Amino acid sequence: MTKRDPVTTHGQDPESDREFAGLLQQAIDGSLEPNQGPRLQQLMQQVPARMDVWVDHFRLDSYLANEIDRDSVVDLVDLVCDLDPSQRDQATLESRAGGDAEPVSGGQVSDAQVSDAQGSGAQGSNVKRQAASTKWRLLVVAAAIAATVMFFIAMPSWKRLPPSVAPITRFGPVDDSIAMVVQTSNDVWVNRVEPPLLLSPGRLQLESGLAELRIYNGVTLYLEGPVDLDLVSLDSARLRRGKLRANVPDQAEGFTVVTDEVRLVDRGTEFAISAGEDGLSQVHVFDGLVDLYPSGEAPPVEANKRAVNEGESVEIDSSFSSRQANLNLADFPSPAAIDQSVASRFESWRAWSAEFATRPDLLLYYNFEEFGEKPNGRNTVVDQSQFKSINATVVGSELLKGRWPQKKAYGFYRSADRLRVNIPGRWPKLTLACWVRVDELRGVNQALLLTDTFEEWQPHWQISKEGTLKLGIGQETVEASRRLRSPSTPLEDLGAIGRWMHLATVYNSSNKTVSHYVNGIAAGAVRLPVAEPLRIGTAEIGNWLKPRKAGDEPIRNLDGRIDEFVLFREALDAHEIQAIYEAGR
């Protein structure tokens, strides 16, 4: 890169001005060393005017982030560090793998769809080629160094973080949730959209099955579909149709449920209420006392109050006329009913799992219900498949609860947590699937199955920093790997964060496709320009043993749990994946 005039600063010390300008020139030349950071910090603190020079460049980052495949600031520093070409390729194979592969909507890939996508893919390639030009390189360097120096200034001590690690700050909307999903069984929601773990005020429509919700004030609601419910606030809910049961602790006294016919105000109790299509509401008090008022009264008029005591059942019409009722209490959801349904669902899955393990197309199958005694005792996860014993070694991860209270799962919350495997062979077709609970999208890649290295035709199956499911495929160069990128639709859009979900990715070198599925639903497909059999070798579930040393994300452990992991030697179709999801939900 040719020399350019030094940046003019306006400090009081010409010598330090020249030093400052020299450091910037080193950045432009690509020779800036990480250990020069403390000196940059000192120079910036001495003369605030110097910061303005860097801030002006820093403002370019928001623009560059969109033009250069949303690379993080730390990835941009890779362009500044004095690496030889082989190091630079290895350091950036994954994080800067771009989008030359053509996305195809849905799970099916047609030649027409591929043809339609080639125009936009070529346009994206042109943008990236421009980013590699000298002009773009200068802008990238300026933005990267500006962001790095801003980090130096914000840190009271350089030793707080290693020079190669940049803090990630994510600003999002304030959490407005008021309740959480505790457990469900055989639940089907309107439009098959599952609610997230944390519930904000709004409408919930359960078509069938059971659900247990916990409001933050301590109230527990038991729902049995069909039920149509509005969570209004911490202290109130509106039951449009259906039935629910509520357990209200003393500290939540006054919790209110409103139907078209009645306003129920709790006085520290356990009650059941239903709202029917016939214009009648029914109330039963299991324990304690509730007060009933006409539905339209807000605030309620004390003179119109009707008290219902423990053991009483009443029916109320739209005119607020009431009469004693003989209710079948078994028709209302209860804690025991949900627990029994969940236990029954788990036993059904166990029977299915035993049958599933005999499939001839399985490469490996971990259901995390059986553990070997040798050579590592309980640290060995036993492969249930009939193909060849490929057991996994547990490092760090702890056994936790899975999809059901009776089910075992492994947690991956620390940088040490991982399952080690060795999968020999080359596989022209491969289907990867697991049941996973992702507790947070941290703005970094999170491992599902990562090979120790990232050499040619080695897969890295992970949840990307953007919150998509992706299959990275190793190639000789950054550009070649970039052409094979295959992201899914965003996982957050499916409301799956914090809840158990089934993820599956299908690789087929015969027709050069990668297809993704989330909870049995197609979530994106890509036609690859080239495809060869994949090879795995030594790899890890939930982590990465040998991360690259340059750039961002040296740690990629999953932030969540896995309670079932499967590899197939064939490319499963959408119907097969849907059936596996239904059997395990």
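Since this is a predicted model, take the numbers as computed values, not measurements. Side chains are part of it too, since the values below use all heavy atoms of this structure and drop only hydrogens, waters and symmetry mates.
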K.L.:
Determine whether the side chains of R556 and Q462 contain a donor N or O and an acceptor N or O closer than 3.5 Å.
P.N.:
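Yes, side-chain donor-acceptor contact under 3.5 Å.
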K.L.:
Pick out which of V227, V190, L229, L244 makes a side chain to side chain contact (heavy atoms under 4.5 Å, CB included) with L206.
P.N.:
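It is V227, the one option of V227, V190, L229, L244 that forms the side chain to side chain contact (heavy atoms under 4.5 Å, CB included) with L206.
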K.L.:
Is E369 salt-bridged to R350, going by a charged N under 4.0 Å from an acidic O?
P.N.:
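Judged by the 4.0 Å cut-off on N to carboxylate O distance, E369 and R350 do not form a salt bridge.
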K.L.:
Can you label the angle between the F286 ring and the H284 ring as parallel, tilted or perpendicular, going by 30° and 60°?
P.N.:
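Ring orientation, 0 to 90° scale: perpendicular.
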K.L.:
Kindly determine whether Y216 and S177 satisfy side-chain hydrogen bond (donor to acceptor under 3.5 Å, both in side chains), including the steps that lead there.
P.N.:
CA-CA 9 Å; Y216 291 169; S177 62; 2.8 Å; yes
K.L.:
Quick check for you: to the nearest 0.5 Å, what is the distance between E540 atom CD and L448 atom CG?
P.N.:
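Taking CD in E540 and CG in L448, the distance rounds to 13.0 Å.
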K.L.:
Any idea which heavy atoms bring P405 and Q183 closest together, and the distance?
P.N.:
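In terms of heavy atoms, the two residues are closest at CG-OE1, 4.3 Å.
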K.L.:
Working note: D291 + R267, criterion salt bridge (charged side-chain N to carboxylate O under 4.0 Å, His left out); need CA distance, chi angles, decisive distance, verdict.
P.N.:
CA-CA 7 Å; D291 292 332; R267 296 305 175 196; 2.9 Å; yes
K.L.:
Can you measure from CZ (F271) to CD1 (I273) and round to the nearest 0.5 angstrom?
P.N.:
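Between F271 CZ and I273 CD1, I get 6.5 Å after rounding to 0.5 Å.
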K.L.:
Mark yes or no for whether D228, through its side chain, and Q205, through its backbone, hold a donor-acceptor pair below 3.5 Å.
P.N.:
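Not confirmed, D228 side chain does not pair with Q205 backbone.
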K.L.:
Are side-chain N/O atoms of E315 and Q282 paired as donor and acceptor at under 3.5 Å?
P.N.:
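Yes, because at least one side-chain N or O of E315 sits under 3.5 Å from a partner of the opposite role on Q282.
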K.L.:
Can you check side-chain contact (heavy atoms from CB on, under 4.5 Å) on Y293 and R306, steps first, answer last?
P.N.:
CA-CA 7 Å; Y293 300 88; R306 161 75 191 273; over 6 Å; no
K.L.:
Parallel, tilted or perpendicular: which one describes the rings of W435 and Y581, with boundaries at 30° and 60°?
P.N.:
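Judged by the thresholds at 30° and 60°, the geometry between W435 and Y581 is parallel.
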K.L.:
Please check if the side chain of T256 supplies one atom and the backbone of G254 the other of a donor-acceptor pair under 3.5 Å.
P.N.:
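Checked: pair present.
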K.L.:
Donor-acceptor check, side chain of R403 to backbone of G584, threshold 3.5 angstrom: yes or no?
P.N.:
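A pair under 3.5 Å: yes.
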K.L.:
Among L567, V506, V566, find the residue that satisfies the side chain to side chain contact (heavy atoms under 4.5 Å, CB included) test when tested with T431.
P.N.:
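Among the candidates, only V506 passes.
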K.L.:
Could you walk me through whether F320 and E261 satisfy the side-chain contact (heavy atoms from CB on, under 4.5 Å) test, starting with their C-alpha distance in whole Å, then the side-chain angles of each, then the deciding distance to 0.1 Å, before giving a yes or no?
P.N.:
CA-CA 7 Å; F320 197 57; E261 293 78 36; over 6 Å; no
K.L.:
Should the pair D260-R238 be classified as a salt bridge under the 4.0 Å nitrogen-to-oxygen rule?
P.N.:
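Salt bridge between D260 and R238, a charged N being under 4.0 Å from a carboxylate O: yes.
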K.L.:
Would you please test V438 and E440 for side-chain contact (heavy atoms from CB on, under 4.5 Å) and show each step?
P.N.:
CA-CA 6 Å; V438 180; E440 183 181 2; 5.9 Å; no
K.L.:
Indicate whether any N or O donor in one side chain lies under 3.5 Å from an N or O acceptor in the other, for Y413 and E398.
P.N.:
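Note: Y413 and E398 side chains miss the donor-acceptor criterion.
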K.L.:
Is the shortest heavy-atom distance from the side chain of L234 to the side chain of I215 under 4.5 Å?
P.N.:
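Heavy-atom side-chain distance check passes, below 4.5 Å.
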K.L.:
Hey, does L213 have a side-chain heavy atom less than 4.5 Å from the side chain of V182?
P.N.:
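With C-beta onward as the side chain, the pair stays apart.
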K.L.:
So, for D563 and A409, which heavy atoms are closest and what is the spacing to 0.1 Å?
P.N.:
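Looking at all heavy atoms of both residues, the shortest contact is CB-CB, 3.4 Å.
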K.L.:
Quick one: sort the Y366 and F368 rings into parallel, tilted or perpendicular, breaks at 30° and 60°.
P.N.:
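Rings of Y366 and F368: tilted, 30 to 60°.
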K.L.:
Kindly determine whether R499 and D187 satisfy salt bridge (charged side-chain N to carboxylate O under 4.0 Å, His left out), including the steps that lead there.
P.N.:
CA-CA 13 Å; R499 297 200 64 183; D187 54 318; 3.8 Å; yes
K.L.:
Please confirm whether the backbone N or O of A330 pairs with a side-chain atom of S334, one donor and one acceptor, at under 3.5 Å?
P.N.:
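Checking the backbone N and O of A330 against the side chain of S334, no donor-acceptor pair under 3.5 Å is found.
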K.L.:
If you take all heavy atoms of P201 and V232, which pair is closest and at what distance?
P.N.:
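Minimum heavy-atom contact is CB-O, 3.8 Å.
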K.L.:
Less than 4.5 Å apart, side chain to side chain, heavy atoms only: is that true for L503 and Y517?
P.N.:
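Sidechains of Y517 and L503: no contact.
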K.L.:
Please name the pair of heavy atoms, one in A447 and one in N543, separated by the smallest distance, quoted to 0.1 Å.
P.N.:
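That would be CB-N, 3.4 Å.
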K.L.:
Is D439 paired with R437 through a side-chain N to carboxylate O contact shorter than 4.0 Å?
P.N.:
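Salt bridge: yes.
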K.L.:
Between W461 and L450, does a side-chain contact (heavy atoms from CB on, under 4.5 Å) hold up when you go through it step by step?
P.N.:
CA-CA 6 Å; W461 190 42; L450 266 64; 5.6 Å; no
K.L.:
Determine whether a donor-acceptor pair (N or O, by modelled atom type, separation under 3.5 Å) exists between the side chain of R561 and the backbone of V436.
P.N.:
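Checking the backbone N and O of V436 against the side chain of R561, no donor-acceptor pair under 3.5 Å is found.
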K.L.:
Tell me the closest heavy-atom pair linking L469 and A504, and the distance in Å.
P.N.:
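Shortest heavy-atom contact: CD2-O, 3.9 Å.
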K.L.:
Rounded to the nearest 0.5 Å, how far apart are NZ of K407 and CZ of R345?
P.N.:
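Interatomic distance, K407 NZ to R345 CZ, rounded to 0.5 Å: 12.5 Å.
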K.L.:
Quick one: pull up CZ in R323 and CG in D317 and give me the separation to the nearest 0.5 Å.
P.N.:
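Answer rounded to 0.5 Å: 9.5 Å.
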K.L.:
E212 vs R214, test: salt bridge (charged side-chain N to carboxylate O under 4.0 Å, His left out). Steps then yes/no.
P.N.:
CA-CA 7 Å; E212 179 179 348; R214 184 79 39 77; 3.2 Å; yes
K.L.:
Is the closest side-chain donor-acceptor distance between S464 and E466 under 3.5 Å?
P.N.:
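Present: a donor and an acceptor within the cut-off.
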K.L.:
So, taking the atom named OG in S208 and the one named CG in N186, what distance separates them when rounded to the nearest 0.5 Å?
P.N.:
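That separation rounds to 7.5 Å.
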K.L.:
Is the closest side-chain heavy-atom distance between N217 and F255 below 4.5 Å?
P.N.:
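In short, these two side chains touch, coming nearer than 4.5 Å.
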K.L.:
Considering only heavy atoms from C-beta outward, does the side chain of V381 approach that of V394 to under 4.5 Å?
P.N.:
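Side-chain contact under 4.5 Å: yes.
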K.L.:
In terms of heavy-atom contacts, does CD of E207 have more than 12 from other residues, nucleotides or ligands at under 6.0 Å?
P.N.:
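Result for CD/E207: enclosed.
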K.L.:
Does the pair K243/D331 count as a salt bridge with the N-to-O cut at 4.0 Å?
P.N.:
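The answer is no: the pair does not qualify as a salt bridge.
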K.L.:
Return yes if a side-chain donor-acceptor contact under 3.5 Å exists between S236 and S233, otherwise no.
P.N.:
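Their side chains do contain a donor-acceptor pair, which is all the 3.5 Å distance test asks for.
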K.L.:
With no hydrogens and no angle check, is any side-chain donor or acceptor of S397 less than 3.5 Å from a backbone partner on R418?
P.N.:
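Answer holds: yes.
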K.L.:
Counting C-beta onward and ignoring hydrogens, is there a side-chain heavy-atom pair between L204 and D230 closer than 4.5 Å?
P.N.:
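No - every pair of side-chain heavy atoms lies 4.5 Å or more apart.
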K.L.:
Looking only at side-chain N and O atoms, does Y365 offer a donor or acceptor that is under 3.5 Å from a partner on S353?
P.N.:
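On atom types as modelled, these side chains qualify, holding a pair under 3.5 Å.
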K.L.:
Starting at NE2 of H460, measure out to CG of L471 and round the result to the nearest 0.5 Å.
P.N.:
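Between atom NE2 of H460 and atom CG of L471 there are 10.0 Å.
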K.L.:
Within a 6.0 Å radius of atom CD on E355, are there more than 12 heavy atoms belonging to other residues, nucleotides or ligands?
P.N.:
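No, because the 6.0 Å sphere around CD of E355 holds 12 heavy atoms or fewer from other groups.
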K.L.:
Begin from the C-alpha positions of D176 and S200 and carry the test side-chain hydrogen bond (donor to acceptor under 3.5 Å, both in side chains) through to its verdict.
P.N.:
CA-CA 6 Å; D176 62 351; S200 300; 2.6 Å; yes
K.L.:
What is the minimum heavy-atom distance between V219 and A252, and which atoms define it?
P.N.:
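Taking V219 first and A252 second, the nearest heavy atoms are CG2-CB, 3.6 Å.
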K.L.:
Within the 4.5 Å heavy-atom criterion, are L432 and L449 side-chain neighbours or not?
P.N.:
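Touching, per the 4.5 Å side-chain cut-off.
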K.L.:
Does some side-chain heavy atom of W500 sit less than 4.5 Å from a side-chain heavy atom of I562?
P.N.:
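Result no, sub-4.5 Å side-chain heavy-atom pair not found.
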